[in-house]
Peer 1: 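Handing you a structure now.
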Amino acid sequence: MRILFENARLIDPETGTDAIGSLMVVDGLIAENTGKPDEVIDCGGKCLAPGIVDIGVKVSEPGERHKESFASAGRAAVAGGITTIVTRPDTSPAIDTPETLEFVERRASIDAAVNVLPMAALTKGRDGKEMTEIGFLMDAGAAAFTDCDRVVTNTKVFSRVLTYAHSLGALVIGHVQEPGLSAGGSVTSGKFATLRGLSGVSPMAERMGLDRDIALLEMTGAAYHVDQITTARALPALERAKANGLNITAGVGIHHLTLNEMDVADYRTFFKLKPPLRSEDDRLAVVEAVASGLIDIISSMHTPQDEESKRLPFEEAASGAVALETLLSAALRLVHAGHMDLPHLFRALALNPANRLGLTCGRLSVGAPADLVLFDPDVSWKLDRSKLLSKSKNTPFDEAILQGKVIATYVGGINKTESLANA
């Protein structure tokens with residue numbers, strides 16, 4: 001099957017170009033633009049970019065399927081232009097054995113409309129005490145290893161994990177918050193937290209957690225990705241680590257790029273995140289770090305929570321927000337505000353995460369999978385959380401006006417938007 005996308009505004013993060021052109025897809029792969037196509041799709045001058053690769057998505061299977069299933073997450077991902085989701089192991093039970101991982105892979109292959117790459121836990125039960133069977137889990141298909149927001153506090157255990165992961169070529173993903181300093185906090189400490197009477201977390205907790213992990217990377221040589229850098233104070237340490245040649249990359253969640261601590265003024269628990277929203281100065285510093293390439297990856301950090309866990313006093317409510325459907329629209333705020341152009345944005349959304357995981361997607365080059373998103377960057381729309389395709393509706397963007405919307409998402413050249421609409 002030969003499909004020609006013509007009259008498209010091609011967003012190419014590899015070459016850094018944004019220009020009108022055409023793209024040929026042959027049997028699910030991007031190909032040379034030669035020969036007669038079987039189907040021609042007129043993109044009408046709208047943007048055609050690599051599909052988003054989203055690292056750190058929470059799908060609540062097994063254990064809490066009422067919050068999010070692979071079927072609902074897949075539909076939400078398609079609506080948001082995401083073609084690959086890299087799922088977290090903070091399920092119930094945790095994904096810490098090859099058997100649990102294989103269950104997740106089977107369920108995802110049947111139910112999800114997009115590519116799913118599961119991560120596995122670093123330690124058994126995510127308890128930070130005993131290392132999982134990293135080699136067996138890699139053989140079973142684990143894309144990376146993480147204990148998610150549970151920091152491995154025992155540095156000897158963590159150093160052994162990093163050493164073993166390095167020997168196997170495994171990627172470790174860490175959450176850099178010093179657990180003692182950040183325990184019990186629900187917002188970033190400072191004048192605003194005091195005025196609102198909420199327990200605060202010092203931004204220094206992130207810097208301290210990052211400093212420890214960098215020291216362990218110097219000792220072990222492991223491949224390491226920081227799930228979220230959200231404060232200005234952590235950026236110099238990250239810059240030094242990269243300059244010193246450590247195998248380290250960093251990400252940031254979309255909410256920390258587009259919201260700040262003032263958004264929790266009305267005690268709305270949909271704005272309660274982990275780590276908490278930061279000051280506007282921190283937000284701007286992190287946006288600049290993405291624009292400069294110091295922070296490599298933008299992700300949704302999609303964390304579904306049901307109504308019962310969110311409709312509580314702010315300090316008691318569960319942390320996290322859904323973001324699969326809003327990731328691209330929210331990220332386009334960075335483009336509309338002049339912080340970066342579209343090719344640079346898709347470097348952080350698609351190319352860099354694909355490269356970090358050793359994937360061939362995330363680009364428009366010949367031979368790459370035809371995982372694509374067609375979107376209008378300028379159309380405005382109002383979000384109604386009740387219409388989200390995720391099972392959980394805990395979005396901080398409810399009733400917000402977003403600019404930019406997905407028209408169609410293609411996985412392996414197949415229009416998943418159309419397929420789901422006709423299902």
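Being a predicted model, the structure only gives us computed values, none of them experimental.
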Peer 1: Has the side chain of His336 got a donor or acceptor atom that lies under 3.5 Å from a matching backbone atom of Pro377?
Peer 2: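 Looks like yes, one N/O pair under 3.5 Å.
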Peer 1: Less than 4.5 Å apart, side chain to side chain, heavy atoms only: is that true for Val161 and Val152?
Peer 2: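 In short, these two side chains do not touch, never coming nearer than 4.5 Å.
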Peer 1: If you measure only the distance, is there a donor-acceptor pair under 3.5 Å linking the side chains of Asp296 and Asn352?
Peer 2: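 No donor-acceptor contact under 3.5 Å links the two side chains.
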Peer 1: Step by step, would you call Asp149 with Asp227 a side chain to side chain contact (heavy atoms under 4.5 Å, CB included)?
Peer 2: CA-CA 9 Å; Asp149 60 354; Asp227 64 352; over 6 Å; no
Peer 1: What pairs with Phe70 under ring-ring contact (aromatic ring centres under 6.0 Å, His included), at least two apart in sequence or on another chain?
Peer 2: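 Phe70 satisfies ring-ring contact (aromatic ring centres under 6.0 Å, His included) with no other residue.
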Peer 1: Flag the pair Arg2 and Glu32 as a salt bridge only when some basic side-chain nitrogen lies within less than 4.0 angstrom of an acidic carboxylate oxygen.
Peer 2: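 Answer for the salt bridge query: no.
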Peer 1: Quick one, Val264 and Arg196 - any side-chain contact, counting heavy atoms below 4.5 Å?
Peer 2: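 When only atoms from C-beta onward are counted, Arg196 and Val264 do not touch, as no gap falls below 4.5 Å.
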Peer 1: Let me see the working for Thr249 and Arg356 under side-chain hydrogen bond (donor to acceptor under 3.5 Å, both in side chains), right down to the final yes or no.
Peer 2: CA-CA 8 Å; Thr249 52; Arg356 193 52 166 148; 2.8 Å; yes
Peer 1: Answer with yes or no after comparing the ring centroid distance for Phe5 and Tyr410 against a 6.0 Å cut-off, counting only values under it.
Peer 2: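 Yes: the rings meet the under 6.0 Å criterion.
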Peer 1: I need the Phe271 CZ to Phe397 CZ distance, nearest 0.5 Å.
Peer 2: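 One finds 8.0 Å between CZ of Phe271 and CZ of Phe397.
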Peer 1: With heavy-atom distances below 4.5 Å as the criterion, would you say the side chains of Val322 and Lys393 are in contact?
Peer 2: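 Not touching, per the 4.5 Å side-chain cut-off.
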Peer 1: Indicate yes or no for a side-chain donor-acceptor contact from Glu178 to the backbone of Gly180 under 3.5 Å, with no hydrogens or angles considered.
Peer 2: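 Yes; at least one donor-acceptor contact below 3.5 Å.
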Peer 1: Among Val406, Leu327, Thr83, Thr409, whose side chain to side chain contact (heavy atoms under 4.5 Å, CB included) with Ile52 holds?
Peer 2: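 Of Val406, Leu327, Thr83, Thr409, side chain to side chain contact (heavy atoms under 4.5 Å, CB included) with Ile52 is met by Leu327 alone.
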Peer 1: Test Phe314 against Phe270 for ring-ring contact (aromatic ring centres under 6.0 Å, His included), laying out the working first.
Peer 2: CA-CA 9 Å; Phe314 194 91; Phe270 288 172; over 10 Å; no
Peer 1: Using 4.0 Å as the upper bound for N to carboxylate O, is an ion pair formed by Asp18 and Arg9?
Peer 2: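 Yes, charged N to carboxylate O under 4.0 Å.
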Peer 1: Strictly by modelled atom types, are Thr123 and Asp147 linked by a side-chain donor-acceptor pair under 3.5 Å?
Peer 2: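 Result is yes, a qualifying pair exists.
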Peer 1: Heavy atoms only: give me the nearest Val379-Lys405 pair and the separation to one decimal.
Peer 2: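 Smallest interatomic distance, heavy atoms only, reads CG1-CB, 3.6 Å.
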Peer 1: Testing the basics here: between Gln177 and Ser182, what is the closest heavy-atom pair and its distance to 0.1 Å?
Peer 2: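 For Gln177 versus Ser182, the nearest heavy atoms are CB-OG, 4.0 Å.
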Peer 1: Decide whether Glu61 and Thr91 meet the rule of one side-chain donor and one side-chain acceptor closer than 3.5 Å.
Peer 2: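 Result is no, nothing qualifies.
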Peer 1: Distance alone, cut at 3.5 Å: any donor-acceptor contact between the side chains of Ser92 and Glu64?
Peer 2: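 There is no such pair between these side chains.
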Peer 1: Report yes if the side chains of Lys67 and Ser390 come closer than 4.5 Å at any heavy-atom pair, otherwise no.
Peer 2: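 They are not in side-chain contact.
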Peer 1: Side chains of Asn355 and Arg363: donor-acceptor distance under 3.5 Å anywhere?
Peer 2: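 Present: a donor and an acceptor within the cut-off.
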Peer 1: Check this for me, if you would: do Arg268 and Asp266 make a salt bridge, where the nitrogen-to-carboxylate-oxygen distance has to be below 4.0 angstrom?
Peer 2: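 Asp266 and Arg268: not salt-bridged.
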Peer 1: Can you list, pair by pair, the side-chain donor-acceptor contacts under 3.5 Å of residues 71-82, counting residues two or more places apart and other chains?
Peer 2:
from  : atom 1 : to    : atom 2 : distance (Å)
Ser72 : OG     : Glu68 : OE1    : 2.5
Ser72 : OG     : Ser69 : N      : 3.0
Ser72 : OG     : Ser69 : O      : 3.1
Ser72 : OG     : Ser69 : OG     : 3.2

Peer 1: Under the salt bridge (charged side-chain N to carboxylate O under 4.0 Å, His left out) criterion, do Arg150 and Asp90 qualify, and how do the steps go?
Peer 2: CA-CA 9 Å; Arg150 290 190 186 176; Asp90 52 342; over 6 Å; no
Peer 1: Taking the side chain as every heavy atom from C-beta outward, state whether Ile297 and His225 have any atom pair closer than 4.5 Å.
Peer 2: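 Contact flag for Ile297/His225 side chains = yes.
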Peer 1: So, taking the atom named CD1 in Ile254 and the one named CG in Leu349, what distance separates them when rounded to the nearest 0.5 Å?
Peer 2: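 Reported to 0.5 Å precision, the distance equals 7.0 Å.
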Peer 1: Report yes if some heavy atom in the side chain of His339 is under 4.5 Å from a heavy atom in the side chain of His344; otherwise report no.
Peer 2: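 Side chain of His339 against side chain of His344, heavy atoms only: no contact under 4.5 Å found.
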Peer 1: Answer with yes or no whether the side chains of Arg333 and Thr258 bring together a donor and an acceptor at under 3.5 Å.
Peer 2: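 There is no such pair between these side chains.
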Peer 1: Heavy atoms only: give me the nearest Leu137-Leu101 pair and the separation to one decimal.
Peer 2: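 Smallest heavy-atom distance, with atoms named: O-CD2, 3.5 Å.
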Peer 1: Run the numbers on Asp213 and Tyr224 for side-chain hydrogen bond (donor to acceptor under 3.5 Å, both in side chains), then give the verdict.
Peer 2: CA-CA 9 Å; Asp213 289 4; Tyr224 186 74; 2.4 Å; yes
Peer 1: Do side-chain atoms of Asn247 reach the backbone of Ala222 as a donor and acceptor pair under 3.5 angstrom?
Peer 2: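 No.
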Peer 1: Sub-3.5 Å donor-acceptor pair from the side chain of His255 to the main-chain atoms of Gly320, do we have one?
Peer 2: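 No; zero donor-acceptor contacts below 3.5 Å.
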Peer 1: Is the distance from the ring center of Phe375 to that of Phe346 below 6.0 Å?
Peer 2: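 So the answer is yes for these two rings.
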Peer 1: Please check if any side-chain donor atom of Gln228 sits under 3.5 Å from a side-chain acceptor atom of His256, or the reverse.
Peer 2: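 Their side chains do contain a donor-acceptor pair, which is all the 3.5 Å distance test asks for.
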Peer 1: Within the supplied structure, the quantity of interest is the number of heavy atoms (other residues, nucleotides, ligands) at a distance under 6.0 Å from Glu280 CD; does it exceed 12?
Peer 2: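 Yes, because the 6.0 Å sphere around CD of Glu280 holds more than 12 heavy atoms from other groups.
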Peer 1: Taking atom CD of Glu39 as the centre, does the number of heavy atoms from other residues, nucleotides or ligands within less than 6.0 Å exceed 12?
Peer 2: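 For Glu39, atom CD is crowded (more than 12 foreign heavy atoms under 6.0 Å).
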Peer 1: Looking at every non-hydrogen atom in both residues, tell me the closest pair between Met138 and Leu168 and how far apart they are.
Peer 2: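 Closest pair (atom of Met138, atom of Leu168, distance): CE-O, 3.6 Å.
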Peer 1: Before giving the answer on side chain to side chain contact (heavy atoms under 4.5 Å, CB included), spell out for Thr188 and Val201 the whole-Å C-alpha distance, their side-chain angles and the decisive distance to 0.1 Å.
Peer 2: CA-CA 5 Å; Thr188 299; Val201 177; 5.8 Å; no
Peer 1: What do the steps show when you test Val86 against Asp54 for side chain to side chain contact (heavy atoms under 4.5 Å, CB included), and what is the final call?
Peer 2: CA-CA 6 Å; Val86 185; Asp54 192 8; over 6 Å; no
Peer 1: Please round to the nearest 0.5 Å and tell me the distance separating atom CG of Asn7 and atom OG of Ser22.
Peer 2: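 Rounded to the nearest 0.5 Å, the CG-OG separation comes to 9.5 Å.
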Peer 1: Once rounded to the nearest 0.5 Å, what's the spacing between atom OG1 of Thr269 and atom CD of Glu307?
Peer 2: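 Result: 8.5 Å between the selected atoms.
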Peer 1: Taking the side chain as C-beta and beyond, is there a heavy-atom pair between Leu238 and Leu294 under 4.5 Å?
Peer 2: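 Side-chain contact under 4.5 Å: yes.
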Peer 1: For the residue pair Arg160 / Thr220, report whether a side-chain donor-acceptor contact shorter than 3.5 Å exists.
Peer 2: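 No donor-acceptor contact under 3.5 Å links the two side chains.
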Peer 1: Give a yes or no on whether a salt bridge exists between Lys310 and Asp306, defined as a side-chain N under 4.0 angstrom from a carboxylate O.
Peer 2: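 Asp306 and Lys310: not salt-bridged.
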Peer 1: For Asp384 and Ser386, does a side-chain donor sit closer than 3.5 Å to a side-chain acceptor?
Peer 2: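 There is such a pair between these side chains.
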Peer 1: State, yes or no, whether a side-chain contact exists between Asp376 and Cys47 at a heavy-atom distance under 4.5 Å.
Peer 2: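 Side-chain contact under 4.5 Å: no.
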Peer 1: Can you confirm whether the side chains of Arg278 and Thr231 place a donor and an acceptor under 3.5 Å from each other?
Peer 2: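 No, Thr231 and Arg278 have no side-chain donor paired with an acceptor closer than 3.5 Å.
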Peer 1: Nearest 0.5 Å please: distance from the CG atom of Leu342 over to the CD1 atom of Ile11.
Peer 2: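 It is 4.5 Å, given to the nearest 0.5 Å.
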Peer 1: Can you tell me how far apart OG1 (Thr17) and CG (Asp12) are? Round to the nearest 0.5 Å.
Peer 2: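 So the OG1 of Thr17 and the CG of Asp12 are separated by 4.5 Å.
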Peer 1: So, does Ser199 use its side chain to make a donor-acceptor pair with the main chain of Gly184 at under 3.5 Å?
Peer 2: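 Yes, because the side chain of Ser199 sits within donor-acceptor range (under 3.5 Å) of the backbone of Gly184.
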